[in-house]
Amino acid sequence: MWRFFLARLRRLERGAMGARSETADQRKKSCSFIPLLLLILITTAGNISAQSVTSLKGLIIDAEDGTPLIGAVVDIQGTGYTAASDEYGFYGFDNLPTGEYTMKIMAPGYENAYQAGVKIVDGISRQVNIRLFRKVYYLGKITVQGSRGRLTADNVEILQKDEIIRSRARDIPELLETVPGVYIQETGSGSGRSQVKIRGSAPEHVLVLVDGHRINSSGNGVADLSSIPIEMVERLEIHKGGASAEFGPDALGGVLNIITQKTKLGDKLSIEGERGWGSWKNELYHFDISDLMISSKFSGNFAYSLRQSVGDFDFNYQVEPDPVIYSGTRINNHNESANYFGSGIYQIDEKLKFTYSGQYYKSESGLPGGAKAQNEAAYSEDNRRMFNSSLSYELSPDRDFKLDIGLSRFEQHFADDQ
């Protein structure tokens with residue numbers, strides 16, 4: 001614009017010099033017009049300079065995947081000018097003074113970046129894009145050390161032998177029903193299986209141990225308590241709530257540890273027998289002998305039980321709105337189980353002792369199928385063999401050395417003879 005006025009001014013001057021016929025008054029007017037043009041030129045040039053665009057803009061992204069970075073801070077070193085990137089990663093400065101600057105770019109989780117030699121020229125809009133690299137933190141050696149502490153009384157409940165006797169419970173499931181937070185789930189008829197639930201957990205989430213060894217089925221994760229004679233139990237430890245940190249992943253709902261091995265000799269000899277019967281032709285035969293002193297150093301326990309049930313029963317039912325009434329006899333509902341259990345203690349000397357427990361259990365149950373299509377030949381077999389032993393040596397009154405050995409084998413068969 002100012003070049004246009006300067007060219008106009010020069011043309012006017014040439015016109016004034018070339019016109020020989022002009023009068024003195026005309027020359028005066030031409031000369032007086034020149035300062036006016038100069039004044040207009042200076043004013044216009046100032047306005048044009050003030051309206052020029054001088055800016056610095058750009059995009060800040062992740063150097064690895066190109067993701068725009070939000071909230072990254074751009075600092076023009078030594079000027080006090082700062083800006084933050086928006087939700088699209090863009091930042092910008094307007095009307096920066098001319099000069100050469102160094103930019104510092106900062107973002108959480110990223111290495112600081114510096115951009116030197118950024119020249120700002122009057123009237124020029126410049127774009128500088130920045131790539132930031134993620135910050136890597138190097139940690140020193142980490143050592144994880146575990147320790148096993150005693151569980152508090154709120155988490156574990158222990159029933160000793162004398163408490164078990166005073167309860168007059170006929171079996172372990174009946175005893176556990178008296179413990180707050182413990183629920184027994186019965187399956188089948190009176191000779192069926194008994195499963196334990198602790199504080200609302202599922203039976204497969206409760207770890208059941210006999211002398212510290214797992215008896216949960218590997219098939220469904222559920223343990224049957226009906227096969228452990230209560231006469232053989234010396235102590236019950238009930239760990240309420242999750243105990244996976246101490247006992248492993250099977251103890252999500254809690255732990256039931258059934259201790260049958262004795263810790264000392266000298267209890268009185270006890271012999272018991274039982275004959276029982278009930279509905280659905282349930283029959284029970286039980287015999288046990290406890291604290292049989294074979295010698296001054298050896299004491300043994302033995303228990304035998306036989307349970308059997310025919311289990312067939314008549315039924316009538318109707319499913320609304322079906323008008324048909326179904327009736328008949330539930331067949332192949334029998335169950336028979338035999339259980340042999342033994343334990344003992346051998347005091348080798350005053351500091352060294354050997355304890356053991358063992359079980360052989362066999363049962364057969366009919367599988368009647370659905371009421372509309374009953375199966376009179378299908379059945380399942382359950383065989384269990386278990387042996388636990390412990391050799392301990394007393395180092396001091398509160399410390400001992402202990403070696404545990406356990407063997408177990410669970411078998412389950414399903415058959416259909418049709």
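Everything quoted here is computed from the prediction, not taken from an experiment.
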> What closest approach, in Å, do N316 and S327 show between heavy atoms, and which atom pair accounts for it?
Replying inline: OD1-CB, 2.7 Å

> Out of curiosity, D382 CG to F414 CZ, how far, rounded to the nearest 0.5 Å?
Replying inline: 8.5 Å

> Quick one: does L225's side chain get under 4.5 Å of I184's, heavy atoms only?
Replying inline: yes

> Between E381 and K362, is there a side-chain N and carboxylate O pair less than 4.0 Å apart?
Replying inline: no

> Minimum heavy-atom separation for M106 to D75, with atom names?
Replying inline: CE-CB, 4.4 Å

>> I'd like to check the side chain to side chain contact (heavy atoms under 4.5 Å, CB included) partners of T178; sequence neighbours left out, ordered by chain and number.
In response: L175

> Would one find more than 12 heavy atoms of other residues, nucleotides or ligands at under 6.0 Å from atom OH of Y360?
Replying inline: yes

> What pairs with Y91 under side chain to side chain donor-acceptor pair (under 3.5 Å), at least two apart in sequence or on another chain?
Replying inline: none

> For D171 and I230, which heavy atoms make the closest approach, and how far apart are they?
Replying inline: O-CD1, 3.6 Å

> Do I238 and V156 touch side chain to side chain, with heavy atoms closer than 4.5 Å?
Replying inline: no

> Restricting to pairs with a member in residues 158-170, which pass side-chain hydrogen bond (donor to acceptor under 3.5 Å, both in side chains), not counting sequence neighbours?
Replying inline: R170-E174

>> With heavy-atom distances below 4.5 Å as the criterion, would you say the side chains of K402 and S390 are in contact?
In response: yes

> Does CZ belonging to R126 count more than 12 external heavy atoms closer than 6.0 Å?
Replying inline: yes

Show every donor-acceptor pair shorter than 3.5 Å between a side-chain atom in residues 247-260 and any protein atom, with sequence neighbours excluded, or say none if there are none.
residue, atom, partner, partner atom, Å
D250, OD2, R214, NE, 2.9
N257, OD1, G212, N, 3.3
N257, ND2, E237, OE1, 3.4
T260, OG1, D211, OD1, 3.3
T260, OG1, D211, OD2, 2.6

>> If I take atom OG from residue S55 and atom CD1 from residue I124, how far apart are they, to the nearest 0.5 angstrom?
In response: 9.5 Å

>> As an exercise, state the distance from CZ of F410 to CZ of R385, rounded to the nearest 0.5 Å.
In response: 11.0 Å

With a 3.5 Å cut-off and sequence neighbours excluded, list the donor-acceptor pairs that the side chains of residues 340-356 form with protein atoms.
residue, atom, partner, partner atom, Å
S343, OG, N301, ND2, 3.0
Q347, NE2, D349, O, 2.7
D349, OD1, K351, N, 2.9
D349, OD1, L352, N, 2.6
K353, NZ, T263, O, 2.8
T355, OG1, Q261, OE1, 3.0

> Nearest heavy-atom pair of P368 and G366: which atoms, and what distance?
Replying inline: CD-O, 3.4 Å

> Listed by chain and number, what are the side chain to side chain contact (heavy atoms under 4.5 Å, CB included) partners of E111, not counting sequence neighbours?
Replying inline: K135

> When rounded to the nearest 0.5 angstrom, what is the spacing between OG in S305 and CZ in R307?
Replying inline: 6.5 Å

>> Suppose the criterion is side-chain hydrogen bond (donor to acceptor under 3.5 Å, both in side chains): which pairs have a residue in residues 78-87, not counting sequence neighbours?
In response: none

> For residues S365 and S380, is any side-chain donor paired with an opposing acceptor at under 3.5 Å?
Replying inline: no

> Is any side-chain heavy atom of N339 less than 4.5 Å from a side-chain heavy atom of Q359?
Replying inline: yes

> Does a donor on one side chain and an acceptor on the other come within less than 3.5 Å for S309 and N335?
Replying inline: no

>> With rounding to the nearest 0.5 angstrom, report the CD to CD1 distance, E177 to I172.
In response: 12.5 Å

>> Among residues at least two apart in sequence or on other chains, which ones pass salt bridge (charged side-chain N to carboxylate O under 4.0 Å, His left out) with K197?
In response: none

>> Using the side chain to side chain donor-acceptor pair (under 3.5 Å) criterion, which residues pair with D400? Sequence neighbours excluded.
In response: none

> Which pairs pass salt bridge (charged side-chain N to carboxylate O under 4.0 Å, His left out) with one or both residues in residues 57-69, sequence neighbours excluded?
Replying inline: K57-D94, D62-R134, E64-R134, D65-R134

> Are any non-hydrogen side-chain atoms of N388 and I405 less than 4.5 angstrom apart?
Replying inline: no

> Are any non-hydrogen side-chain atoms of L132 and N112 less than 4.5 angstrom apart?
Replying inline: no

> Does A202 have any side chain to side chain contact (heavy atoms under 4.5 Å, CB included) partners at least two apart in sequence or in another chain, and if so, which?
Replying inline: E204, H205

> Quick one: are L236 and E157 in side-chain contact, heavy atoms under 4.5 Å?
Replying inline: no

> Hey, mind stepping through L176 and V196 against side-chain contact (heavy atoms from CB on, under 4.5 Å) and telling me if it holds?
Replying inline: CA-CA 8 Å; L176 291 175; V196 61; 4.3 Å; yes

> Nearest heavy-atom pair of P203 and Q195: which atoms, and what distance?
Replying inline: CG-OE1, 3.7 Å

> So, for A303 and D288, which heavy atoms are closest and what is the spacing to 0.1 Å?
Replying inline: CB-CB, 3.8 Å

> Residues in salt bridge (charged side-chain N to carboxylate O under 4.0 Å, His left out) with K104, at least two apart?
Replying inline: none

>> Using side-chain contact (heavy atoms from CB on, under 4.5 Å), reason through K119 and T98 one step at a time and then give a plain yes or no.
In response: CA-CA 7 Å; K119 295 182 179 181; T98 59; over 6 Å; no

> So Q308 and N282, side-chain contact (heavy atoms from CB on, under 4.5 Å) or not? Walk me through it.
Replying inline: CA-CA 6 Å; Q308 56 187 10; N282 278 306; over 6 Å; no

>> Is any side-chain heavy atom of F93 closer than 4.5 Å to one of V74?
In response: yes

